[in-house]
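Model, not experiment: these values are computed from the prediction.
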Amino acid sequence: QVQLVESGGGLVQPGGSLRLSCAASESISSISYMGWYRQAPGKQRELVATITTGGNIYYGESVKGRFAISRGNAKNLLALQMNSLKPEDTAVYYCKVQRLRPPYEYWGQGTQVTVSS
């Protein structure tokens, strides 16, 4: 069974940077888009950024200008460069892969990002 594994989370000071990665245990075919989502305690899961097969990128308003999403290869699927981190960025960050045929959502287990001085 395919698994997604996020890595790169940790504790960082405000204004610092982290780079998250998402790896798949095996290749996933027919990907339509991939993305990063996050969930803070007491809040709903929210979109951070997505990238489509065609290369179209969308960012959540709260991270525009600070985060950058990029594609990797067949197994190291996705990365998220996070700069100018703020305390409100503290959350568990999840990798998502949307398969087109047949439709299916893959989710990772999440990686904790904590921004604190």
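Rounding to the nearest 0.5 Å places CD1 of Ile69 at 6.0 Å from CD1 of Ile51. Atom CD of residue Glu88 and atom OG of residue Ser62 lie 8.5 Å apart, to the nearest 0.5 angstrom. Here the straight-line distance linking atom OG of Ser117 with atom CG of Leu11 works out to 9.5 Å at 0.5 Å rounding. Note that OG1 of Thr111 is 14.0 Å distant from CZ of Arg38, once rounded to the nearest 0.5 Å. Note that CG of Leu18 is 9.5 Å distant from CG of Asn83, once rounded to the nearest 0.5 Å. Between the CH2 atom in Trp107 and the CD atom in Gln98 there is a gap of 9.5 Å [rounded to 0.5 Å].
Using a 4.5 Å heavy-atom threshold, the side chains of Ser116 and Pro87 count as separate. Within the 4.5 Å cutoff, no side-chain heavy atoms of Arg19 are placed close to those of Leu80.
In this structure, Trp36 has its ring center no closer than 6.0 Å to that of Phe67.
Residues Ile28 and Tyr104 are members of one and the same hydrophobic cluster, defined by side-chain heavy-atom contacts under 4.5 angstrom among Ile, Leu, Val, Met, Phe, Trp and Tyr. A continuous path of Ile, Leu, Val, Met, Phe, Trp and Tyr side chains, each step under 4.5 Å between heavy atoms, connects Leu78 with Ile57, placing both in one hydrophobic cluster. When hydrophobic clusters are built by joining Ile, Leu, Val, Met, Phe, Trp and Tyr residues whose side-chain heavy atoms come closer than 4.5 Å, directly or via intermediates, Val12 is grouped together with Leu20. No continuous path of ILVMFWY side-chain contacts below 4.5 Å connects Tyr33 to Tyr106, so the two sit in separate hydrophobic clusters.
Heavy atoms of other residues, nucleotides or ligands lying less than 6.0 angstrom from CD of Glu46 number more than 12. Shown here is Gln44, whose CD atom has no more than 12 heavy atoms of other residues, nucleotides or ligands within 6.0 Å.
Closest approach of Val63 and Val48 over heavy atoms only: CG2-O, 3.4 Å. Of all the heavy atoms in Val115 and Thr90, the pair that sits closest is N-OG1, 2.9 Å. Nearest heavy atoms, Cys22 versus Leu4: SG-CB, 4.1 Å. Contact between Met82 and Val113 at its shortest, heavy atoms only, is CE-CG2, 3.8 Å. Of all heavy-atom pairs spanning Glu26 and Val2, the tightest one is CG-CG2, 3.3 Å. In this structure, Gln39 and Tyr94 approach most closely via the heavy-atom pair CB-CE1, 4.2 Å.
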| Trace of the side-chain contact (heavy atoms from CB on, under 4.5 Å) decision for Gln81 with Ser17 | CA-CA 7 Å; Gln81 179 66 46; Ser17 298; 3.9 Å; yes

| request: In sequence, state the C-alpha distance, the side-chain angles, and the governing distance for Val97 and Glu105, and then conclude on side-chain contact (heavy atoms from CB on, under 4.5 Å). | output: CA-CA 6 Å; Val97 175; Glu105 292 183 4; over 6 Å; no

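Within the 3.5 Å criterion, the main-chain N or O of Ser84 finds a donor-acceptor partner in the side chain of Arg66. The backbone N or O of Arg101 lies less than 3.5 Å from a partner atom in the side chain of Ser30, making a donor-acceptor pair.
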